[in-house]
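Below is one structure, written out as structure tokens; comments come after it.
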Amino acid sequence: MNMNILIGSAWPYANGSLHIGHLAGLLPADVIARYYRAKRDKVYFVSGSDCHGTPVAIRAKQENKSPQEISDHYHAEFCECFNKLGFSYDRYGKTSSDEHISFVQEFHRAMYACKYIYEKETPQPFCEKCNTALTDRFVVGKCPECGEKARGDQCDVCGVVLDPENLLEPLCSVCRSAVTFKSTKHLFIAISKFANELTTFVNAHLHWRKNAIAFSRRYINEGLRDRAVTRDLDWGIDVPKDGYEDKKIYIWAENVLGYLSMSKTVAARRGEKYDELWGADSRHYYVHGKDNIPFHTIILPSLMLANGDKWKLPDDIISSEYLTLEGRKISTSQNWAIWVKDIVDRYHPDSIRYFMIANGPEKRDTDFSWREFVNSHNGELLGSYGNFVNRTLAFVYKYFDASVPNGKQDSEISEKISALFQTVGGMIEVGNLKEALDTIFEFVRFGNKYFDTERPWQTRNTDVVKCADTIFNCVQIIANLVVLLEPFIPFSSSKIKNWLTIENSWSVKSVSAGSVIPEPEILFERLDKKVVDEELERLQKHS
RNA sequence: CGCGGGGUGGAGCAGUCCGGUAGCUCGUUGGGCUCAUAACCCAAAGGCCGAGGGUUCGAAUCCCUCCCCCGCAACCA
């Protein structure tokens with residue numbers, strides 16, 4: 001049965017480099033995508049760079065460049081990082097591209113006709129000095145309720161939800177000069193009218209991670225306000241409506257539509273019917289960090305509901321907790337961060353992927369420490385897995401003339417293998433990647449144990465038939481491990497797949513006796529423990 | 001009473017929703033092996049699962065109270 005699988009990972013914001021925190025939230029998407037492809041489902045794994053919005057415009061002004069230049073620069077950097085890490089996007093685009101813009105405009109045009117979109121005059125905060133309209137969060141002042149410092153959207157001290165015009169002494173958060181207000185009209189989406197639909201929607205998906213349910217419920221209970229879908233900005237997508245020529249579509253009302261626009265591109269390229277992706281035989285995953293939850297469980301569904309009935313609301317929300325770095329919160333301004341572009345060239349991409357999943361912030365915050373990273377690489381990836389592959393294949397190469405010996409398949413091992421495809425697959429489907437990886441590595445350890453117990457280096461001289469059986473079974477174990485591990489560590493898997501000529505489909509594999517293998521090479525180089533100190537020093541120096 | 005996350009052997013984590021002998025990796029100690037990248041295998045030590053109370057035949061897990069840690073201006077998943 002071929003399912004249509006949509007996997008959308010969050011769109012990184014194109015005003016700064018990616019760090020390991022971003023990676024922790026996005027990597028699960030690639031694992032899931034690779035798994036479903038191996039299962040032979042139709043996978044639409046899409047994402048892109050989020051290019052519009054005020055922060056990009058501000059940064060552009062600071063650097064004396066155009067917003068387009070800034071966002072294109074980071075877009076290119078993101079593409080390179082994802083590429084080097086093996087992200088298998090079927091389409092990774094950007095919100096400033098024609099394919100996205102025309103899709104969004106068409107989507108909005110249809111949406112404006114519905115009863116949930118209305119026009120309203122509101123006071124628009126404006127900074128004369130910066131000569132720009134300010135979005136709510138860029139206005140700071142005193143809270144009218146408690147008198148403490150507050151932003152234009154909310155007071156963090158007393159928690160009251162605000163509009164910028166309520167603030168006392170409103171200032172521009174960029175230049176700290178006084179804010180003026182101009183009356184302006186905007187299109188609003190009546191999210192408050194979707195309270196029932198959204199509540200039902202969340203309640204129908206209690207399998208989501210508990211942070212997704214908690215954030216969504218809180219948002220529904222407290223923050224379900226109508227939101228403007230247009231803004232007084234220069235940088236963004238033109239509003240497809242007369243009288244809105246000087247305005248742009250607000251960023252959150254278009255970037256989440258990127259999943260739709262990019263998957264449409266993919267469908268067109270493949271000659272598939274786009275509507276089938278949104279039909280019954282489909283499953284849709286949205287993968288991101290916990291701060292992105294409301295955008296995917298509230299905003300995106302609201303836009304879909306307002307647009308019409310052809311869309312399917314999200315099925316699975318794979319929302320990560322946060323990653324700390326050496327025990328401290330990651331901070332880009334203090335440069336307490338590990339930048340993806342820096343590590344992709346220093347370490348094996350599989351090491352990074354392995355560690356980010358094995359130690360990923362799946363259900364709670366976890367810590368990235370260089371000590372643990374080196375440990376995980378040397379101990380688990382290299383010591384357990386790499387070594388098992390190497391000792392087996394080297395044995396074949398040396399003592400069986402590079403040809404897989406004929407042997408009897410051990411029934412216990414066969415059973416373990418077929419069970420693994422079932423259980424690991426099930427775990428990946430529900431987003432329990434840590435558990436899945438752990439389960440596979442349990443089998444890796446079993447392999448080493450089996451090798452040791454059978455002592456082929458001795459039976460080679462005493463009982464050649466038994467020796468051949470052992471090695472034959474070890475090769476079968478490897479062949480299946482390679483497929484099971486491919487979603488997680490695709491680079492090394494692909495190497496071994498070539499040595500043993502294995503097809504990458506999610507089913508039990510066997511390598512026939514007599515298959516000739518090339519001289520096996522080392523999969524993972526050992527990392528010197530001193531890199532821990534080097535990396536820590538690098539981190540301290542720059543922060 | 002601001003919000004949220006967390007406190008499990010030396011370190012990093014799982015288990016907590018759906019109570020039933022406390023689990024994994026690393027580290028430590030002792031042993032084995034020598035095919036393999038000083039890799040691998042076996043064994044042992046090490047925990048009153050933050051504290052107190054409650055429910056229960058039985059609680060890391062459910063309920064109540066308390067303590068401590070982390071994040072919550074902005075950048076930021």
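Naming convention: chains lettered A, B, ... in sequence-line order (proteins, then strands); numbering from 1 in each chain. Worth saying up front: this structure is predicted, and the values here are computed from it rather than measured.
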Quiz item: Should B:G58 form a Watson-Crick or G-U wobble pair with both distances under 3.5 Å, which nucleotide is its partner?
Solution: none
Practice problem: Could you tell me whether A:Lys341 and A:Glu80 make a salt bridge, using a distance below 4.0 angstrom between a side-chain N and a carboxylate O? | Solution: no
Quiz item: Think A:Asn448 has a side-chain N or O under 4.0 angstrom from the OP1 or OP2 of B:A36?
Solution: no
Quiz item: When we call it a touch if two heavy atoms are under 4.0 Å apart, what does A:Asn378 touch: a base, just sugar-phosphate, or nothing?
Solution: nothing
Exercise. Look through every strand shown and name the nucleotide pairing with B:C40 as Watson-Crick or G-U wobble, where both distances are under 3.5 Å.
Key: B:G32
Quiz prompt | A:Arg364 side chain, from C-beta outward: closest of B:C35, B:C13, B:C75 | solution = B:C13
Quiz item: Between atom NZ in A:Lys529 and atom P in B:G27, what is the gap in whole Å?
Solution: 7 Å
Self-check item: Short side-chain N/O contact from A:Lys363 to OP1 or OP2 of B:U16, under 4.0 Å
Solution: no
Quiz item: Taking atom C1' of B:U25 as reference, at what distance in whole Å does atom NE2 of A:His377 sit?
Solution: 16 Å
Quiz item: Do we count A:Phe395 as stacking onto B:C35 if the rule is ring centres under 5.5 Å and planes under 30°?
Solution: no
Quiz item: Any side-chain N or O of A:Lys449 less than 4.0 Å from the OP1 or OP2 oxygen of B:C42?
Solution: yes
Quiz item: Is A:Lys94 salt-bridged to A:Asp50, going by a charged N under 4.0 Å from an acidic O?
Solution: no
Quiz item: Among the nucleotides B:C76, B:G12, B:U37, which one has an atom lying closest to any side-chain atom of A:Asn359?
Solution: B:G12
Quiz item: Would you say A:Arg526 reaches B:A39's phosphate, i.e. side-chain N/O to OP1/OP2 under 4.0 Å?
Solution: yes
Quiz item: With the threshold set at 4.0 Å, does a side-chain nitrogen-carboxylate oxygen contact exist between A:Asp365 and A:Lys290?
Solution: yes
Quiz item: Which part of the nucleic acid does A:Gly383 contact within heavy-atom distance under 4.0 Å: base, sugar-phosphate only, or nothing?
Solution: sugar-phosphate
Quiz item: Looking at A:Arg353 and A:Asp30, does any basic side-chain N land under 4.0 Å from a carboxylate oxygen?
Solution: yes
Quiz item: Reckon A:Thr366 touches a base, only the sugar-phosphate, or nothing at all at heavy-atom distances under 4.0 Å?
Solution: sugar-phosphate
Quiz prompt | Separation of B:C76 P from A:Ile58 CD1 (nearest whole Å) | solution = 10 Å
Quiz item: So what does A:Phe524 hit on the nucleic acid, given a heavy-atom distance under 4.0 Å: a base, only sugar-phosphate, or nothing?
Solution: base
Practice problem: Among B:C41, B:C33, B:A14, find the nucleotide with the atom closest to the side chain of A:Gln458. | Solution: B:C33
Practice problem: Taking atom C1' in both B:U55 and B:C72, compute the distance separating them and give it to the nearest angstrom. | Solution: 36 Å
Quiz prompt | Euclidean distance, atom OH of residue A:Tyr450 to atom P of B:C33 [Å, nearest integer] | solution = 21 Å
Self-check item: Watson-Crick/G-U partner (both atom distances under 3.5 Å) of B:A14
Solution: none
Exercise. Would you mind reading off the distance between A:Asp365 atom CG and B:C70 atom P, rounded to a whole angstrom?
Key: 13 Å
Quiz prompt | Which nucleotide in B:C35, B:G12, B:C76 has an atom nearest any side-chain atom of A:Tyr399 | solution = B:C35
Quiz prompt | Salt-bridge contact A:Arg209-A:Glu321 (side-chain N to carboxylate O under 4.0 Å) | solution = no
Self-check item: Lys/Arg N to Asp/Glu carboxylate O, A:Asp533 vs A:Arg538, below 4.0 Å
Solution: no
Practice problem: Could you give the distance separating B:U28 and B:C66 at their P atoms, to the nearest angstrom? | Solution: 43 Å
Quiz item: Which is true for A:Leu23 with a 4.0 Å heavy-atom rule: it touches a base, it touches only sugar-phosphate, or it touches nothing?
Solution: nothing
Quiz item: Where each residue is assigned the nucleotide of RNA chain B containing its nearest heavy atom, which of A:Ile330 and A:Val444 is assigned the position nearer the 5′ end?
Solution: A:Val444
Quiz prompt | A:Asp452 CG to B:C41 C1', straight-line distance once rounded to whole Å | solution = 4 Å
Practice problem: Using the P atom as the reference point in each nucleotide, state the distance between B:U65 and B:G2 in Å, no decimals. | Solution: 14 Å
Practice problem: Return the nearest nucleotide to the side chain of A:Leu382; candidates are B:U37, B:A11, B:U25. | Solution: B:U37
Practice problem: Tell me which nucleotide among B:C76, B:U37, B:C33 gets nearest to the side chain of A:Leu523. | Solution: B:U37
Exercise. Take atom NE2 of A:His288 and atom P of B:C76, then tell me their distance rounded to the nearest Å.
Key: 17 Å
Self-check item: Partner nucleotide, any strand, of B:G27 [Watson-Crick/G-U, under 3.5 Å]
Solution: none
Quiz item: Taking the same atom, C1', in B:C49 and in B:G15, what whole-Å distance lies between them?
Solution: 10 Å
Quiz item: Using purine N1 to pyrimidine N3 plus N6-O4 or O6-N4 for Watson-Crick, or N1-O2 and O6-N3 for G-U wobble, each under 3.5 Å, what pairs with B:G2?
Solution: B:C72
Quiz prompt | Pairwise P distance for B:G54 and B:A60, with rounding to whole Å | solution = 15 Å
Quiz item: Mapping A:Gly360 and A:Arg445 to their closest nucleotides on RNA chain B, which lands nearer the 5' end?
Solution: A:Gly360
Quiz item: At under 4.0 Å between heavy atoms, what does A:Lys329 touch on the DNA or RNA strands: base, sugar-phosphate, or nothing?
Solution: base
Quiz item: Can you check the A:Asn211 CG to B:G6 C1' distance for me, whole Å?
Solution: 14 Å
Practice problem: Output the single nucleotide from B:A39, B:C13, B:C40 whose closest atom is nearest the side chain of A:Arg391. | Solution: B:C40
Self-check item: Interatomic distance at C1', B:A44 relative to B:G6, whole Å
Solution: 32 Å
Quiz item: Got a salt bridge between A:Glu521 and A:Lys495, using NZ or NE/NH1/NH2 to carboxylate O under 4.0 Å?
Solution: yes
Quiz item: Nearest to the side chain of A:Arg371, which nucleotide is it out of B:A11, B:G7, B:U37?
Solution: B:A11
Quiz item: Between B:C63 and B:G5, how far is it from one P atom to the other, in whole Å?
Solution: 14 Å
Quiz item: From B:C35, B:C75, B:A14, pick the nucleotide closest to the side chain of A:Trp457?
Solution: B:C35
Quiz prompt | A:Leu393 and its side-chain contact (heavy atoms from CB on, under 4.5 Å) partner, picked from A:Leu523, A:Ile471, A:Leu500 | solution = A:Leu500
Practice problem: Go through B:A36, B:C3, B:C75 for me and flag the one nearest to the A:Ala394 side chain. | Solution: B:A36
Quiz item: Does A:Lys434 place a side-chain N or O at less than 4.0 Å from the phosphate oxygens OP1/OP2 of B:G15?
Solution: no
Quiz item: Any ion pair linking A:Arg59 and A:Glu63 (charged N to carboxylate O, less than 4.0 Å)?
Solution: yes
